[in-house]
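All remarks here apply to the structure that follows.
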Amino acid sequence: MSNKLCRKGYLLVISSPSGGGKTTIYNALLAKGEPFNFSVSLTTRPPRPTEIDGVHYRFVSDEEFTHLVDKNEFAEWAFVHGHRYGTLRDSIEKAFIDGVIMILEIDVQGALQIKENYPQDSVLVFIAPPSIEETERRLRARETNTPEDIVLRIKNAIDEIANAHQFDYLVINDDLQMAISDVSCIARAEYLKKCRFLGEIWED
Ligand code: ADP
Ligand code: 5GP
């Protein structure tokens with residue numbers, strides 16, 4: 001994208017039920033070379049074998065998480081599937097100055113907190129899988145969750161889908177390439193909004 005330095009960045013919040021395709025779509029967007037940055041969340045969940053601290057999440061103890069909550073360091077945080085997850089203010093607010101699109105891959109409760117805290121500077125995209133049955137099939141095929149965890153995630157998916165109407169955009173992830181293209185178009189159009197221009201369009 002051009003005019004990077006003339007634009008204010010914004011927060012592109014992507015939510016979906018677990019298995020909805022957030023990570024897959026995010027990885028495809030990165031490969032397109034747009035000015036994206038990714039917010040690394042903090043979580044009290046234990047790391048999975050393939051996860052790297054500081055890359056996939058910052059894995060912290062319950063005590064550390066509580067300390068940060070008490071210091072009001074989070075832009076949003078929530079209990080998700082039995083663990084706490086949160087986004088630090090400092091790590092996302094620099095996106096505005098840097099003129100980048102900061103992607104937050106977070107749950108519905110967190111997304112709605114971001115909308116409340118950054119109404120002008122956030123865009124909420126809900127990715128819906130084509131059906132509950134297909135979500136369950138994808139979660140099983142992914143082989144990263146136990147059968148009990150999948151039952152919990154499917155139960156939570158029904159509540160999450162019920163909140164989709166509070167988002168700015170709804171993308172159905174049936175055909176993956178179409179869903180990637182939809183999110184990419186949203187990200188680009190939102191980046192081009194005139195409210196994100198800083199200063200004059202024609203500069204010396
Ligand atoms: P999330 O990050 O939302 O939990 P993932 O991106 O991990 O979801 O996707 C869950 C699984 O479904 C992955 O194995 C992924 O490869 C697969 N998947 C994602 N989108 C599609 C799609 N449109 N069709 C078929 N499989 C998909
Ligand atoms: P997982 O444990 O599978 O990595 O993620 C479980 C859920 O937590 C997903 O729905 C994911 O979007 C959500 N999540 C990840 N990071 C955050 C965060 O910082 N805040 C909130 N509210 N949810 C998050």
Side-chain angles (χ1 to χ4, degrees), residues 9-30 36-48 51-60 62 64-66 68-69 72-96 100-129 135 139 142 144-145 149 152-171 173 179-180 182-183 186-187 190:
Y10 73 93
L11 310 174
L12 181 66
V13 181
I14 302 183
S15 299
S16 79
S18 186
K22 293 180 294 294
T23 310
T24 310
I25 292 171
Y26 160 72
N27 285 333
L29 291 178
L30 268 195
F36 290 127
N37 235 321
F38 181 64
S39 157
V40 178
S41 297
L42 271 68
T43 182
T44 57
R45 161 171 84 61
R48 298 181 185 131
E51 288 178 329
I52 302 164
D53 188 28
V55 176
H56 298 95
Y57 284 104
R58 278 176 59 194
F59 297 96
V60 296
D62 262 319
E64 279 175 89
F65 202 100
T66 302
L68 291 166
V69 171
N72 197 25
E73 298 274 346
F74 285 108
E76 65 74 32
W77 73 270
F79 274 100
V80 191
H81 313 314
H83 299 283
R84 284 189 289 177
Y85 295 78
T87 308
L88 291 177
R89 279 180 209 289
D90 280 359
S91 65
I92 56 171
E93 289 181 359
K94 74 188 277 296
F96 306 143
V100 298
I101 304 170
M102 177 66 79
I103 299 187
L104 278 66
E105 224 193 277
I106 63 179
D107 92 310
V108 168
Q109 311 166 74
L112 298 177
Q113 291 174 44
I114 291 287
K115 191 77 199 164
E116 192 167 326
N117 293 335
Y118 305 94
Q120 308 301 328
D121 297 317
S122 63
V123 176
L124 270 52
V125 180
F126 191 89
I127 299 175
T135 312
L139 280 175
R142 190 173 68 178
T144 53
N145 302 99
D149 198 23
L152 176 63
R153 282 165 190 253
I154 291 297
K155 184 176 159 294
N156 291 344
I158 294 163
D159 294 338
E160 287 160 343
I161 292 277
N163 279 301
H165 67 279
Q166 300 192 64
F167 281 59
D168 299 311
Y169 295 92
L170 176 60
V171 170
N173 179 17
I180 293 166
D182 286 348
V183 179
I186 293 165
E190 287 286 343

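None of the values given here were measured: they were computed from a predicted structure. We number each residue from 1, following the sequence as shown.
Atom CD of Glu190 and atom CG of Asp121 lie 11.0 Å apart (nearest 0.5 Å). Separating the CD1 atom in Ile106 from the CD1 atom in Ile114 is a distance of 5.0 Å, to the nearest 0.5 Å. Once rounded to the nearest 0.5 Å, the distance linking CD of Glu93 with CE of Met102 reads 10.0 Å. One distance of note links CG of Asn72 with CZ of Arg89; it measures 4.5 Å at 0.5 Å rounding. For the atom pair Leu12 CG and Asn37 CG, the distance stands at 12.0 Å (nearest 0.5 Å). In this structure, CG on Asn163 lies 8.0 Å from CZ on Phe126, to the nearest 0.5 angstrom.
Side-chain contact check for Ser41 versus Glu105: every heavy-atom pair is 4.5 Å or farther apart.
Asn117 and Ala75 make their closest contact through ND2-O, 2.8 Å (heavy atoms, listed as atom of the first residue, atom of the second, distance). Contact detail for Lys22 and Pro17: the closest heavy-atom pair is NZ-O, 3.5 Å. Taking both residues in full, the closest heavy atoms of Val123 and Tyr169 are given as CG1-CE1, 3.6 Å, listed atom of the first, atom of the second, then distance. What you find for Phe38 and Ile103 is that their closest heavy atoms are CD1-O, 3.6 Å. Residues Lys115 and Ser122 share a closest heavy-atom pair of NZ-O, 3.2 Å.
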Exercise for review: Carefully, step by step, assess Ile101 and Leu29 under the rule side chain to side chain contact (heavy atoms under 4.5 Å, CB included).
Suggested key: CA-CA 11 Å; Ile101 304 170; Leu29 291 178; over 6 Å; no
Exercise for review: Might you work through the salt bridge (Lys or Arg N to Asp or Glu O under 4.0 Å) test for Arg45 and Glu51, ending with a clear yes or no?
Suggested key: CA-CA 11 Å; Arg45 161 171 84 61; Glu51 288 178 329; 2.9 Å; yes
Point to revise | Derivation and outcome, side chain to side chain contact (heavy atoms under 4.5 Å, CB included), residues Ser91 and Arg58 | key: CA-CA 12 Å; Ser91 65; Arg58 278 176 59 194; over 6 Å; no
**Study point:** Audit row: Ile186, Val171, side chain to side chain contact (heavy atoms under 4.5 Å, CB included) steps and yes/no
**Key:** CA-CA 10 Å; Ile186 293 165; Val171 170; 3.8 Å; yes
Point to revise | Step-by-step side chain to side chain contact (heavy atoms under 4.5 Å, CB included) determination, Val108 to Phe167 | key: CA-CA 9 Å; Val108 168; Phe167 281 59; 4.1 Å; yes
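For the pair His56 (side chain) and Asp53 (backbone), a donor-acceptor distance under 3.5 Å is absent. Between the side chain of Gln113 and the main chain of Trp77, a donor-acceptor pair closer than 3.5 Å is present. Remark: side-chain polar atoms of Glu73 are not paired, donor with acceptor, to backbone N or O of Leu88 under 3.5 angstrom. In this structure, the side chain of Asp168 engages the main chain of Leu124 through a donor-acceptor pair within 3.5 Å. Judged by distance alone, the side chain of Asn173 and the main-chain N or O of Gly20 form a donor-acceptor pair under 3.5 Å. A donor-acceptor distance shorter than 3.5 angstrom exists from the side chain of Thr43 to the backbone of Arg84, with no hydrogens or angles considered. Judged by distance alone, the side chain of Arg153 and the main-chain N or O of Thr135 form no donor-acceptor pair under 3.5 Å.
Checked by atom type, the side-chain pair Asn156/His81 shows a donor-acceptor distance below 3.5 Å. In this model, no donor atom of one side chain and acceptor atom of the other lie less than 3.5 Å apart for Glu160 and Ser15.
A 6.0 Å sphere centred on CG of Asp90 holds no more than 12 heavy atoms belonging to other residues, nucleotides or ligands.
Taking the six-membered ring wherever Trp is involved, the centroid distance between the rings of Tyr57 and Tyr85 falls below 6.0 Å.
Ring-plane geometry between Phe96 and Tyr118 is classed as tilted, the angle between the planes lying from 30 to 60 degrees on a 0 to 90 degree scale.
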